[in-house]
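Scroll down for the structure; my scribbles are underneath it.
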Number of protein chains: 2
Amino acid sequence: MTLFLSTHINKVDKKGRVSVPAQFRDQLVGENFQGVVLFRSNTQPALEGFAWSYMQEISRRLENFDLFSPEQDDLAMTVFGDSVQLSFDGEGRIVLPMDLVEFAGLAERAAFVGLGNKFQIWDADILAKRREEARRNVRDKGLTLPKGEAA
Amino acid sequence: MTLFLSTHINKVDKKGRVSVPAQFRDQLVGENFQGVVLFRSNTQPALEGFAWSYMQEISRRLENFDLFSPEQDDLAMTVFGDSVQLSFDGEGRIVLPMDLVEFAGLAERAAFVGLGNKFQIWDADILAKRREEARRNVRDKGLTLPKGEAA
DNA sequence: TAAATATCCATGCTATACCATGTGAGTGGG
DNA sequence: CCCACTCACATGGTATAGCATGGATATTTA
């Protein structure tokens, strides 16, 4: 079971290369494909990363839609068509395509945020603001975890 | 498992030749046939490409219909009759037939869009509009993947 | 024989695999 | 308890092989 935890900040060099945190890499050993799959978050200025095997799961779920339904077309195009397969180099780095760098507003520092079976990549500064906002929401609205359902 | 991911844009030369992205090529090469099977999309101005192995899967599913039933005939005719087999040249290129080029409105740049177990070929400019629409739909309608039955 | 199609050859570029260096944390010894 | 050493991880730079692309030549077909 892959489990991405905690937040790690690494540098993005001018070619878009960035080290995937070793803790995350360790979760991916034994995969057929030594690397990650990235695509744009639908709701946030961030990239979402998965193990390649997780894409198979997504592929299976997509088949639950009716074939030729507009919803299926839209999802398939955004999920698969917008995704990229990035393999590690010898040092465990990936190269982020330019358009994804722009989409996430990535500057020098990239923040890898573990979210269980997936992770996100944020620009560190944007994430800091976003975090502050989230904390405020939790405090103001008194959000709590319901018992039972949480994984 | 074949899994077509990401979008690649390649040039179409004046003879209709276009390189199939190497990433896709690796998944398309079978024992029987070195190439790709193309269809007209039923819903969009695009071509759909499948691996040879996927065609066998479709063939298997068709056998679930009664032999010689009108449904089987109709399906088989549209599915197989409209399909085109295109083999690679030494450099991994295919030659797109004129009628398919017209159908998809292909100009200079052809976009290969990975959609999981199949891929589509779009004119790059037309795709840009369509992709924008797909992203908007996913975001506004809050489309998500349905939960799978098994984890 | 001419046109259309397939095969072969040549080239520039870019992605990626490789090598080399810096740095910080953790450990063991003094 | 503190210091030094070591190792793993992050980071920067470079070279090479694969890939996309263009053109030329052989082969087939009408």
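Everything numeric in this text was worked out from a predicted model, so none of it was measured. Convention: sequence-line order gives letters A, B, ...; per-chain numbering from 1.
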Check: Through what angle, rounded to 10 degrees, does the axis of the helix from C/dT16-D/dA15 to C/dG30-D/dC1 turn between its ends, using five pairs per end?
Finding: 0°
Margin query: Going by side-chain contact (heavy atoms from CB on, under 4.5 Å), name the residues that satisfy it together with A/Asp123, two or more places apart in sequence or in a different chain.
Written below: A/Leu106, A/Ala107, A/Asp125, A/Ile126
Checklist line | Under 4.0 Å protein heavy-atom contacts per nucleotide of nucleotides 24-30 of chain D, with B for base, S for backbone only and - for none | finding: -------
With the criterion being N/O to N/O and under 3.5 Å, what pairs connect the protein with nucleotides 19-21 of chain C, and how long is each?
residue, atom, partner, partner atom, Å
C/dC19, N4, A/Glu91, OE1, 2.9
C/dC19, N4, A/Glu91, OE2, 3.2

Notebook entry, point to check: Rounding to a whole Å, what distance do you find between A/Gln85:CD and C/dT16:C1'?
Noted result: 15 Å
Note to self: How many whole angstroms separate atom CG of A/Asn10 from atom C1' of D/dC9?
What the structure shows: 9 Å
Checklist line | Separation of atom CD in B/Glu108 from atom P in D/dG22, rounded to whole Å | finding: 8 Å
Notebook entry, point to check: For the pair made of CZ in B/Arg25 and P in D/dT21, what is the distance, rounded to whole Å?
Noted result: 11 Å
Next item on the list: Write down the distance between NZ (A/Lys11) and P (C/dT23), rounded to a whole number of angstrom.
Entry: 10 Å
Check: Who passes side-chain contact (heavy atoms from CB on, under 4.5 Å) against A/Lys118, sequence neighbours left out?
Finding: A/Glu48, A/Phe50, A/Leu115
Notebook entry, point to check: Are the aromatic ring centres of B/Phe24 and B/Phe119 under 6.0 angstrom apart?
Noted result: yes
Note to self: Nearest whole Å is fine: how far is D/dA10 C1' from A/Gln23 CD?
What the structure shows: 14 Å
Notebook entry, point to check: Tell me the side-chain hydrogen bond (donor to acceptor under 3.5 Å, both in side chains) pairs involving residues 15-28 of chain A, sequence neighbours left out?
Noted result: A/Asp13-A/Arg17
Next item on the list: Scan side-chain atoms only and decide if B/Thr7 and B/Arg131 contain a donor-acceptor pair under the 3.5 Å cut-off.
Entry: yes
Next item on the list: Going by the salt bridge (charged side-chain N to carboxylate O under 4.0 Å, His left out) test, name the single residue among B/Arg139, B/Arg130, B/Arg136 that passes it with A/Asp74.
Entry: B/Arg130
Item checked: Residue whose closest nucleotide on DNA chain D lies nearer the 5' end, B/Val20 versus A/Val20 -> A/Val20
Check: Which nucleotide in the set D/dC19, D/dA10, D/dG23 lies at the smallest distance from any side-chain heavy atom of B/Lys14?
Finding: D/dG23
Check: Checking B/Ser59 side chain against B/Met55 main chain: does a donor-acceptor pair fall under 3.5 Å?
Finding: no
Margin query: For A/Ser53 and A/Glu31, which I'm curious about, is there any donor-acceptor pair between the side chains at under 3.5 Å?
Written below: yes
